[in-house]
Amino acid sequence: MDAKTQLTALFREALREIAPQAADTEIHFERPRDAAHGDLATNIAMQLARQLKRNPRLIADALLDYLRPKAANTVESLEVAGAGFINIRLKQASKTQIVRQILDAGAGFGRAKAEKVQKTQIEFVSANPTGPLHVGHGRQAALGDALAALLESQGHEVTREFYYNDAGAQIQNLALSVQARANGIEPGGAGWPADGYAGDYIGEIAESFAAQKGILSDLDAVRQFAVAFLRKEQDIDLQKFGVKFDSYYLESSLYTDGKVDAAVQCLVANGRTYEKDGALWLRTTDFGDDKDRVMRKSDGSFTYFVPDVAYHVTKWQRGFVKVIDVQGADHHSTVTRVRAGLQALGIGIPQGYPDYVLHSLVKVMRGGAEVKISKRAGSYVTLRDLIDWVGRDAVRFFLVSRKADTEFTFDIDLALEKSEENPVYYVQYAHARVCSMLAQWGGDPARLAQVELGSLKGEKELALAQRLAEFPAMVSAAAEELAPHAVAFYLRTLAGEFHSYYNAERILVEDEALREARLALCAAARQTLANGLALLGVSAPEKM
């Protein structure tokens, strides 16, 4: 066990002894901002003060009286500070044992077995098949795939799903646009559809249709061809981005299979609807919405959230106890309506189902100016543009490097820099640097898992070992909080500490014991960097 796991068990034992009524209290350890305060700290005594009706310093003293003899092999010192914080200083061997654990675990370091496996579905990208994928879809792809990898790393069963909005007015406009271009009508010209799509890709579809089919009068045939063409194009982009889906779901099937009608009939039968002004309304205010919402408009068409409700019923029926939808921030109003509709059905779907990860806009900058136009797409920068400009690794790392709900500026110039200012380059360079050292050493890396680590005593190498020890807890928390940006932040910090250590100390020294111990530490850093990058779908190059 690593030091933190050992300490958790010891504190739990101490609580059972001195405060059995609080034995199940969650125990948190944090790394103090000031290293002079120790290696770890916990506020468990302060947490328990109200429940136990005791001064937190007295609780802390009682805990330490119990812990000191039992933790002697792990802990150098235990001290009470301030209002009742417990500061912990670890023994050298407790700090460095993580190196052996990482080298033994390899790619499995940071992975865990779930106490209760959740059958989970993550739905992301879900782009209308009306044009190329844009940078917002790219952010969804990077976020959704990283979330799936995080949950899988913690032992959950995850399905990645893409939902095609292949029904409705937008698809009709797509077909009309292709038909117009095939008939020689340019965007904005006489006869051009009022809400037509103007990108060059529309001309590509029209040319391809004419070459294969020859007849453009059948609008339904044009529609089917255009949707299939763009689905294939989107698949090419996603493949280039390294994102694979386990299943695809068509919005149109919800209508053809009667699932939308069935959901509406159930809501009506449950008394959750009413007629007003020729429209059918859902009483979403019964479930926390600020006002009731129209389900079926006076012209007989459904509002957009109704098929979403029917779609999420299928997710529940397919056994997904946890569902995460990754969508743009413009879908914020959908959250309450979909959840209200699912509750109103009365079929046992829990409150708060599904979970949502909403992401903000991405602004693309190049040469100090915002880039807004892609010739092929007509009015936006595409995911393919970004990949072509800076490469897949940079795009994936950058797009998850900030919390999803914060706006992000993608700086093309920064993504091309080979400096510490470019986070993905800095992290990958740390990995490649270790590979270069190991190649220069020329020994068998497998031996490093067995070397004696007692010579690792320097401040920077012990700090690096402690940072490595934080990886499993960080991954667990990132999965729990649906926060892949935490992985990117950790990797940047770890790379910084490694580069600082590398620049301060010679690794390939004459002393064999010290050399191999330092190489083992570096190899553990390399493995941790590779494991973290893999969670984000980013490569770990051996040379740069």
Side-chain angles (χ1 to χ4, degrees), residues 107 110-111 120-127 129 132-154 156-164 230-248 324 326-327 357 359 362 364 374 381-402 404 408 410 412 415-416 422-429 431-432 475 478-479 482-488 490-492 527-544:
R111 303 186 74 84
T120 303
Q121 186 216 65
I122 302 182
E123 182 220 323
F124 58 106
V125 182
S126 295
L133 298 178
H134 54 61
V135 291
H137 296 133
R139 193 174 194 187
Q140 279 197 38
L143 285 168
D145 205 38
L147 284 169
L150 278 168
L151 290 168
E152 286 171 336
S153 79
Q154 301 307 293
H156 297 296
E157 180 186 334
V158 181
T159 295
R160 296 161 171 84
E161 183 154 291
F162 191 122
Y163 175 64
Y164 278 113
L230 287 168
R231 283 184 61 180
K232 184 177 180 181
E233 286 289 298
Q234 291 178 355
D235 287 345
I236 291 171
D237 289 348
L238 290 167
Q239 186 176 17
K240 196 171 184 179
F241 203 42
V243 174
K244 295 180 180 179
F245 286 89
D246 302 300
S247 59
Y248 295 85
I324 303 162
V326 183
Q327 298 178 343
V357 173
H359 69 86
V362 180
V364 181
S374 164
V381 176
T382 68
L383 173 60
R384 192 177 299 184
D385 290 332
L386 277 189
I387 297 171
D388 288 345
W389 291 340
V390 302
R392 182 174 89 184
D393 284 346
V395 178
R396 288 193 68 140
F397 193 98
F398 273 50
L399 290 178
V400 297
S401 63
R402 296 286 187 276
F408 179 67
F410 195 111
I412 299 297
L416 292 171
N422 179 350
V424 67
Y425 174 84
Y426 197 55
V427 172
Q428 288 181 317
Y429 184 48
H431 183 273
V475 174
L482 306 181
H485 68 278
V487 180
Y490 171 87
L491 290 173
R492 179 66 177 81
Q527 184 67 65
T528 306
L529 288 165
N531 292 1
L533 287 168
L535 290 171
L536 304 183
V538 178
S539 69
E542 296 186 5
K543 294 181 180 180
M544 292 185 72

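- The minimum heavy-atom distance between A127 and L133, with the atom names listed, is CB-CD2, 3.6 Å.
- Counting heavy atoms from C-beta outward, V362 and L399 have side chains that approach closer than 4.5 Å.
- Interatomic distance, NE2 of H431 versus OG of S539, reported as 9.0 Å (0.5 Å rounding).
- Atom CZ of R402 is surrounded by 12 or fewer heavy atoms from other residues, nucleotides or ligands within 6.0 Å.
- With sequence neighbours excluded, the residues satisfying side-chain contact (heavy atoms from CB on, under 4.5 Å) with A141 are V125, L238, F241, V243.
- Taking a cutoff of 4.0 Å between a charged side-chain nitrogen and a carboxylate oxygen, R384 and E233 qualify as a salt bridge.
- Put simply, the side chain of H137 does not reach to within 4.5 Å of the side chain of L383, judged on heavy atoms.
- Residues satisfying the ring pair (Phe, Tyr, Trp, His ring centres under 6.0 Å) criterion with Y163, sequence neighbours excluded, are Y311.
- Closest of all the heavy-atom pairs between A479 and Q154 is CB-CG, 3.8 Å.
- For the pair H156 (side chain) and V158 (backbone), a donor-acceptor distance under 3.5 Å is absent.
- Considering only residues two or more places apart in sequence or on other chains, K244 meets the side-chain contact (heavy atoms from CB on, under 4.5 Å) condition with none of them.
- Residue E152 qualifies as enclosed at atom CD: its count of foreign heavy atoms under 6.0 Å is above 12.
- Separation of atoms CG (D237) and OG1 (T382) is listed at 6.5 Å; rounding is to 0.5 Å.
- For the atom pair CD1 (I412) and CG (D385), the distance works out to 9.0 Å, reported to the nearest 0.5 Å.
- The ring pair (Phe, Tyr, Trp, His ring centres under 6.0 Å) test applied to Y425 returns Y429, not counting sequence neighbours.
- Taking all atoms of both residues into account, the shortest heavy-atom contact from S153 to L535 is CB-CD2, 4.0 Å.
- Annotation: the span from Y426 atom OH to R492 atom CZ amounts to 5.5 Å, rounded to 0.5 Å.
- No side-chain heavy atom of V357 sits under 4.5 Å from any side-chain heavy atom of Q327.
- Between L491 and F397 the shortest side-chain heavy-atom distance falls below 4.5 Å.
- Q121 meets the side chain to side chain donor-acceptor pair (under 3.5 Å) test with E161, K315; sequence neighbours excluded.
- Without hydrogens or angle criteria, Q140 side chain to V135 main chain gives no donor-acceptor distance under 3.5 Å.
- Closest non-hydrogen pair, V487 versus A478, comes out as CG2-CB, 4.2 Å.
- Ring orientation note: the planes of F245 and F162 are nearly perpendicular, at an angle over 60° on the 30°/60° scale.
- One finds no salt bridge joining D235 and K240 here, because no Lys/Arg side-chain nitrogen approaches an Asp/Glu carboxylate oxygen to under 4.0 Å.
- Within the 4.5 Å cutoff, the side chain of I122 has heavy atoms near those of the L151 side chain.
- Counting only distance, with no hydrogens or angles, the side chain of R139 and the backbone of H359 share no donor-acceptor pair below 3.5 Å.
- Every residue meeting the side-chain contact (heavy atoms from CB on, under 4.5 Å) condition with A415, not counting sequence neighbours, appears here in chain and number order: V390, A394, F398, F410.
- Contact detail for G242 and R396: the closest heavy-atom pair is O-NH1, 3.2 Å.
- The structure places CG of L536 at 7.5 Å from CG of L150, a figure rounded to the nearest 0.5 Å.
- The minimum heavy-atom distance linking P484 with L143 is given by the pair CG-CD2, 3.9 Å.
- Separating the CG atom in L147 from the CZ atom in R160 is a distance of 10.0 Å, to the nearest 0.5 Å.
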